[in-house]
Amino acid sequence: MTQTLTFLGLESSCDDTAAAVVRSTPEGNEILSSVVAGQTELHAPFGGVVPEIAARAHAEKLDLCVEEALEQAGIGLDALDGIAVTAGPGLIGGVMSGVMCAKGLAAGAGLPLIGVNHLAGHALTPRLTDGLDFPYLMLLVSGGHCQFLIAKGPGDFTRLGGTIDDAPGEAFDKVAKLLALPQPGGPAVELEATKGDPKSISLPRPLLDRAGCDMSFSGLKTAVLRARDKIIAQHDGLPRAQRADLCASFQAAVADVLAEKSRRALQDYLAYAPKRPALAVAGGVAANKAIRASLETVCVEFDAEFLAPPLRLCTDNAAMIAYAGIERFRAGARDGMDLAARPRWPLDQTSPALLGSGKKGAKA
Ligand code: KG4
Ligand code: ZN
């Protein structure tokens, strides 16, 4: 029988410092607390995440987040069965802060330590929230990640494809910047898009002419820049209506690419596991209603189950790390005081490396 386990998780690989307590019992999983301290204001003046500022902020906030997570969960360190921490991939200063904090806690409290791959945390979230059985298809789509994975086991993932340059959230953020919209760009572009016509401006659907599930979003952003400059030249400025049309057309292009590549990923998945598939999404971009709707349409075409965890668990958090730690612990994994922080750590060690990386640091 599955043993009841309670883990503290730590996350500090990018610009969110997070700590959470998760309990997993034979009846199901419970998030006892999930504390996330963002750093948006610290990085805002620089137009992107500054690794050194992020690392310092993590070092300052980690123990406070741990304290708060334990307090909210109503337990002390003595009630824990282990400590899980993101050991990569990510911005190395932040990952090191988290790993050092976790080592100190584990050594001090005499608890097992488990290093978790951040991407595995995202990829295992549908098991935390919905108890989804392996195997399933996963689309990670955020500001730093974009890849299709077949999740086969807690440490067993096959990558079917991913972005070769920018991640979609990164493209949303850059497009927002080009159009003088606020950051983070995703929600701002989505709001503008509701006022525009998605068919008004013709934009490319990159890499659809190429077989497989790899994607590219940086050319799309350049196409938006060119279209913007053409409008500015014609109108002597960027009228609001045209800006809305640009947002709607860009969002439609991203949605089309993700939908078509999801079809291909589902085909590849079915060749591996020919039963009713489940497609799960995670990452901030999964909050986009137009993108969600087009992925749901694809799932209807394939009679696939569509799972989108609540947004607070789609974006970076430590509950997913605590839970991934529990899964790894159950599978027999244990780490020692030599656990290393890794800037790069591909989930799938066998597939060839992707060419690109996201703005938020080195990715798998
Ligand atoms: O998962 P996340 O919080 O952080 C990582 O990148 O790891 O994702 C943040 C990204 C940002 O690029 C943001 O612009 C994008 O997700 N995003 C969206 C939306 N909400 C957030 N993109 C499109 N539409 C949205 N509604
Ligand atoms: Zn993430």
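All values derive from a computational prediction rather than experimental measurement. Both counts, for ligands and for their atoms, begin at 1 and track the order of listing. These values consider heavy atoms only, across backbone and side chains, with no hydrogens, waters or symmetry-generated copies.
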Colleague: Output the list of atoms in ligand 1 that are nearer than 4.0 Å to some heavy atom of Gly144, sorted by atom number.
Modeller: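 With Gly144 as reference, the close atoms of ligand 1 come out as 6 (O).
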Colleague: Short list, please: which atoms of ligand 1 are under 4.0 Å from a heavy atom of Gly143?
Modeller: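 Near Gly143, meaning under 4.0 Å from one of its heavy atoms, ligand 1 has 5 (C), 6 (O), 8 (O), 9 (C), 10 (C), 12 (O).
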Colleague: For residues 309-319, which side-chain donor-acceptor pairs fall under 3.5 Å, sequence neighbours excluded?
Modeller:
| from | atom 1 | to | atom 2 | distance (Å) |
| --- | --- | --- | --- | --- |
| Thr315 | OG1 | Leu311 | O | 3.2 |
| Asp316 | OD1 | His118 | NE2 | 3.2 |
| Asp316 | OD1 | His122 | NE2 | 3.0 |
| Asn317 | OD1 | Ala319 | N | 3.0 |
| Asn317 | OD1 | Met320 | N | 2.9 |
| Asn317 | ND2 | Leu313 | O | 3.3 |
| Asn317 | ND2 | Thr315 | O | 2.8 |

Colleague: Below 4.5 Å, heavy atoms only, C-beta onward: do Gln147 and Leu119 meet side chain to side chain?
Modeller: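 Yes; the side chains approach each other to less than 4.5 Å.
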Colleague: Does Pro184, backbone or side chain, put an N or O under 3.5 Å from an N or O of ligand 1?
Modeller: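 Not met; the criterion fails.
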Colleague: For Asp173, take its heavy atoms, then give the atoms of ligand 1 lying under 4.0 Å from any of them.
Modeller: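 With Asp173 as reference, the close atoms of ligand 1 come out as 11 (C), 12 (O), 13 (C), 14 (O).
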Colleague: Pairs of nitrogen or oxygen atoms closer than 3.5 Å, one from His122 and one from ligand 1: do any exist?
Modeller: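 No; every N/O pair is 3.5 Å or more apart.
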Colleague: Taking Arg23 for the side chain and Thr6 for the main chain, is one N or O donor matched with an acceptor at less than 3.5 Å?
Modeller: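 No, the answer is negative, given that no donor and acceptor are paired below the 3.5 Å cut-off.
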Colleague: Between Arg328 and Asp335, is there a side-chain N and carboxylate O pair less than 4.0 Å apart?
Modeller: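 Salt bridge present between Arg328 and Asp335.
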Colleague: Are any of the N/O atoms in Ala287 less than 3.5 Å from those in ligand 1?
Modeller: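 No: no nitrogen or oxygen of Ala287 is under 3.5 Å from one in ligand 1.
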Colleague: Can a salt bridge be assigned to the pair Glu260 and Arg205 using a cut-off of 4.0 Å between side-chain N and carboxylate O?
Modeller: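 Salt bridge: no.
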Colleague: Could you pull out all residues at least two apart from Phe7 that satisfy ring-ring contact (aromatic ring centres under 6.0 Å, His included)?
Modeller: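 Here the qualifying residues are Phe329.
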Colleague: Looking at ligand 1, does any of its N/O atoms fall within less than 3.5 Å of an N/O of Phe172?
Modeller: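 No: no nitrogen or oxygen of Phe172 is under 3.5 Å from one in ligand 1.
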Colleague: Number the atoms of ligand 1 from 1 as they appear, then name those within less than 4.0 Å of a heavy atom of Gly284, with their elements.
Modeller: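 That gives atoms 1 (O), 2 (P), 8 (O), 16 (O), 17 (N), 18 (C), 19 (C), 20 (N), 21 (C) of ligand 1.
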Colleague: Is it true that Arg56 and Glu60 have a side-chain N and a carboxylate O under 4.0 angstrom from each other?
Modeller: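 Between Glu60 and Arg56 there is no salt bridge, as every charged N stays at least 4.0 Å from the carboxylate O atoms.
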Colleague: Side chains of Asp165 and Ser216: any donor to acceptor distance under 3.5 Å?
Modeller: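 The answer is yes; a qualifying pair exists.
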Colleague: So, Ser13 versus Glu11: side-chain donor-acceptor pair below 3.5 Å or not?
Modeller: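 Yes, side-chain donor-acceptor contact under 3.5 Å.
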Colleague: Which atoms from ligand 1 have a heavy atom of Gly185 less than 4.0 Å away?
Modeller: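 This gives 14 (O) as the contact atoms.
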Colleague: Give the atom numbers and elements of ligand 1 that come within less than 4.0 Å of a heavy atom of Asp316.
Modeller: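 The list of qualifying atoms is 7 (O).
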Colleague: Quick check: do Asp214 and Thr163 have side-chain heavy atoms less than 4.5 Å from each other?
Modeller: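 They are not in side-chain contact.
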Colleague: Which option wins on minimum heavy-atom distance to atom 5 (C) of ligand 1: Ser142, Pro187, Ala188?
Modeller: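 Looking at heavy atoms only, Ser142 sits closest to atom 5 (C) of ligand 1.
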Colleague: Considering the Zn ion (ligand 2), could you give the total of protein N/O/S atoms lying closer than 2.8 Å?
Modeller: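 N, O or S atoms of the protein closer than 2.8 Å: 4.
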Colleague: Would you say the rings of Phe250 and Phe172 are close, in the sense that their centroids are separated by under 6.0 Å?
Modeller: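 Yes, close enough.
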Colleague: Using distance alone, decide if ligand 1 has a nitrogen or oxygen within less than 3.5 Å of any nitrogen or oxygen in Gly283.
Modeller: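 N/O-N/O distance under 3.5 Å: no.
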Colleague: Consider every N or O of Gly169 and every N or O of ligand 1, then say whether any pair is closer than 3.5 Å.
Modeller: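 Yes; at least one N/O pair falls below 3.5 Å.
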Colleague: Run through the side-chain heavy atoms of Ile, Leu, Val, Met, Phe, Trp and Tyr, join any pair under 4.5 Å, and report what else lands in Met96's cluster.
Modeller: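 Direct or chained contacts put Met96 with Ile92.
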Colleague: Would you say Lys152 and Thr158 are linked by a side-chain donor-acceptor pair, where the criterion is simply a distance under 3.5 Å?
Modeller: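 Present: a donor and an acceptor within the cut-off.
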Colleague: Is Glu190 in polar range of ligand 1, meaning some N or O pair under 3.5 Å apart?
Modeller: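 Yes, there is a polar N/O contact under 3.5 Å.
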Colleague: So between Ala167, Ser13, Gly186, Ala171, whose heavy atom ends up nearest atom 22 (N) of ligand 1?
Modeller: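 Of the listed residues, Gly186 has the closest heavy atom.
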